[in-house]
Enquirer: 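Could you have a look at this structure, given as structure tokens, before my questions?
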Amino acid sequence: MNRRNSSRQNYQCVPESAERIILNVGGIKYETYRSTLTAYPSTLLGTMFQERNRALLHPVNGNEYFIDRDGKLFRYILQFYRRNKIVWPEPGSDYVSREELEEEFDYFQIPISYFSNDSNELPTQPVKISPITKIVSKKLDDFISVLQHSIIEVCATLSETNLQRFSAILTLTFAHENLISNGITSVVLKPKNDHLTKMLLKSLLPFGKLGYFLLDQYGEEIGKHLHKNIPEVTWELNHKIYGPTEKFYDIILNINYQFNRDDVLINSSLNFKE
């Protein structure tokens with residue numbers, strides 16, 4: 001008994017920097033130091049191997065830990081811990097794609113969003129996003145979503161009578177938030193459809209007072225995003241100023257759809273391999 005207690009005490013006294021561990025990832029074993037992982041405490045492995053969590057771990061053979069992930073991809077994860085940078089595989093790698101790696105980085109909570117185009121190095125102190133900033137970002141995303149939904153509603157209505165081709169112009173006008181109570185002043189649709197126009201106005205009202213500000217800040221980015229998601233739509237943003245407080249933004253959305261047999265087939269249930 002005394003000998004076992006002495007052995008345990010010696011194990012606990014091993015400095016973290018010299019404590020080697022084995023990570024069995026999907027059947028492939030990697031050996032590293034605990035300190036290599038804990039140097040990045042905000043990541044999954046960095047948190048997992050903190051001293052405070054030691055009692056929660058259940059190693060095999062004293063220092064081996066099983067992780068149920070892709071063992072081949074894990075070499076890129078471990079490279080990050082050892083080199084403080086993400087090393088992407090060369091294009092054309094046999095079994096590795098960037099999409100697969102991004103999924104692994106996400107699982108191991110390695111924030112690839114912090115890496116710029118010029119440098120792969122992770123900042124010493126990762127940027128912390130305020131909960132308030134997240135709320136504002138959510139408002140922007142919701143605004144973009146309602147604009148995209150408005151376009152889809154118009155297209156769905158037009159496609160009820162013509163699948164071969166259709167076009168429409170949707171104009172949305174947002175006033176400076178201090179000018180009027182609800183922010184959005186008008187929704188104009190050509191060809192005219194009063195019922196659909198009322199529906200669109202109702203869906204836009206919750207964002208009316210915010211619309212002018214968001215367009216003033218992110219109008220160009222919103223337009224590019226919508227065109228990327230819906231290529232049949234072009235975006236025009238006009239800023240009108242009639243006085244110190246009489247300011248408006250017009251969004252002009254030109255919708256032009258031309259039927260493409262192959263595109264429709266690919267996105268339908270008929271797209272199957274025999």
Side-chain angles (χ1 to χ4, degrees), residues 131-270:
I132 299 174
T133 299
K134 289 182 179 180
I135 292 172
V136 177
S137 296
K138 179 67 164 53
K139 290 291 185 182
L140 174 59
D141 287 343
D142 290 344
F143 181 62
I144 295 170
S145 179
V146 78
L147 292 178
Q148 184 164 304
H149 179 73
S150 298
I151 297 168
I152 293 171
E153 285 295 322
V154 172
C155 293
T157 301
L158 295 175
S159 66
E160 291 176 359
T161 56
N162 193 339
L163 292 177
Q164 187 174 357
R165 66 171 64 87
F166 53 77
S167 61
I169 300 175
L170 178 62
T171 304
L172 312 174
T173 301
F174 293 86
H176 190 277
E177 62 182 74
N178 293 328
L179 183 61
I180 59 174
S181 59
N182 62 15
I184 183 165
T185 59
S186 69
V187 175
V188 178
L189 177 62
K190 297 179 182 179
K192 188 176 180 180
N193 185 316
D194 291 338
H195 176 69
L196 181 57
T197 298
K198 290 179 181 178
M199 282 180 53
L200 298 179
L201 181 61
K202 184 177 180 180
S203 67
L204 287 162
L205 279 177
F207 306 93
K209 291 189 69 174
L210 306 176
Y212 181 94
F213 176 79
L214 292 174
L215 291 170
D216 195 51
Q217 297 295 318
Y218 306 107
E220 183 178 352
E221 291 87 346
I222 293 172
K224 289 179 179 178
H225 176 82
L226 290 176
H227 180 64
K228 180 180 179 181
N229 286 346
I230 313 176
E232 297 86 357
V233 174
T234 58
W235 163 284
E236 183 180 337
L237 186 64
N238 295 326
H239 194 200
K240 299 177 179 179
I241 301 176
Y242 301 107
T245 59
E246 295 178 343
K247 303 175 183 178
F248 302 85
Y249 268 111
D250 284 343
I251 304 174
I252 304 174
L253 298 163
N254 286 280
I255 304 169
N256 288 287
Y257 173 77
Q258 178 71 41
F259 176 79
N260 183 298
R261 182 183 183 279
D262 292 337
D263 287 347
V264 172
L265 181 63
I266 289 172
N267 288 279
S268 75
S269 59
L270 299 178

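From a predicted model like this one, the values you see are computed outputs, not experimental measurements.
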Enquirer: If I take atom NE2 from residue H176 and atom OH from residue Y242, how far apart are they, to the nearest 0.5 angstrom?
Expert: 15.5 Å

Enquirer: If you round to the nearest 0.5 Å, how far is OG1 of T234 from CD1 of I252?
Expert: 9.5 Å

Enquirer: Identify the two heavy atoms, one from F259 and one from L163, that lie closest to each other, and give their separation to 0.1 Å.
Expert: CB-O, 3.6 Å

Enquirer: Supply the atom-to-atom distance N229 CG to Q148 CD, rounded to the nearest 0.5 angstrom.
Expert: 5.0 Å

Enquirer: Considering only heavy atoms from C-beta outward, does the side chain of E220 approach that of K224 to under 4.5 Å?
Expert: yes

Enquirer: If you measure from CZ on F207 to CD1 on I144, what distance do you get to the nearest 0.5 Å?
Expert: 11.0 Å

Enquirer: If every non-hydrogen atom of I255 is compared with every non-hydrogen atom of V154, which pair is closest and at what distance?
Expert: CD1-CG1, 3.9 Å

Enquirer: At their closest point, which heavy atom of L253 faces which heavy atom of I151, and how far apart are they?
Expert: CD1-CG1, 3.9 Å

Enquirer: Where do A175 and Y212 come nearest, in terms of heavy atoms and distance?
Expert: O-CB, 3.2 Å

Enquirer: How far does CD of Q258 sit from CG of D263, to the nearest 0.5 angstrom?
Expert: 11.5 Å

Enquirer: With H227, which residues qualify under ring-ring contact (aromatic ring centres under 6.0 Å, His included), at least two apart?
Expert: none

Enquirer: I need the single residue from L200, L170, L158 that forms a side-chain contact (heavy atoms from CB on, under 4.5 Å) with E153. Which is it?
Expert: L200

Enquirer: Tell me the closest heavy-atom pair linking V146 and S203, and the distance in Å.
Expert: CG2-O, 3.4 Å

Enquirer: Using a 3.5 Å distance criterion without hydrogens, assess whether the side chain of S145 forms a donor-acceptor pair with backbone atoms of D141.
Expert: no

Enquirer: Is D142 salt-bridged to K138, cutoff N-O under 4.0 Å?
Expert: yes

Enquirer: Would you mind reporting whether L189 and D194 have side-chain heavy atoms less than 4.5 Å apart?
Expert: no

Enquirer: So if I apply the side-chain hydrogen bond (donor to acceptor under 3.5 Å, both in side chains) rule between D250 and each of N238, T173, T171, which one comes out positive?
Expert: T173

Enquirer: Measure the shortest side-chain to side-chain distance between F143 and L215 over non-hydrogen atoms and say whether it is less than 4.5 angstrom.
Expert: yes

Enquirer: Do H239 and L237 have side chains that approach each other closer than 4.5 Å (heavy atoms only, starting at C-beta)?
Expert: no

Enquirer: Going from CD1 on I152 to OG on S159, what distance comes out if it is rounded to the nearest 0.5 angstrom?
Expert: 11.5 Å

Enquirer: Can I222 and L140 be said to form a side-chain contact (heavy atoms from CB on, under 4.5 Å), step by step?
Expert: CA-CA 9 Å; I222 293 172; L140 174 59; 4.2 Å; yes

Enquirer: So for atom CD1, which belongs to I132, do other residues, nucleotides or ligands contribute more than 12 heavy atoms lying within a distance under 6.0 Å?
Expert: no

Enquirer: Is the centre of the F174 ring less than 6.0 Å from the centre of the Y249 ring?
Expert: no

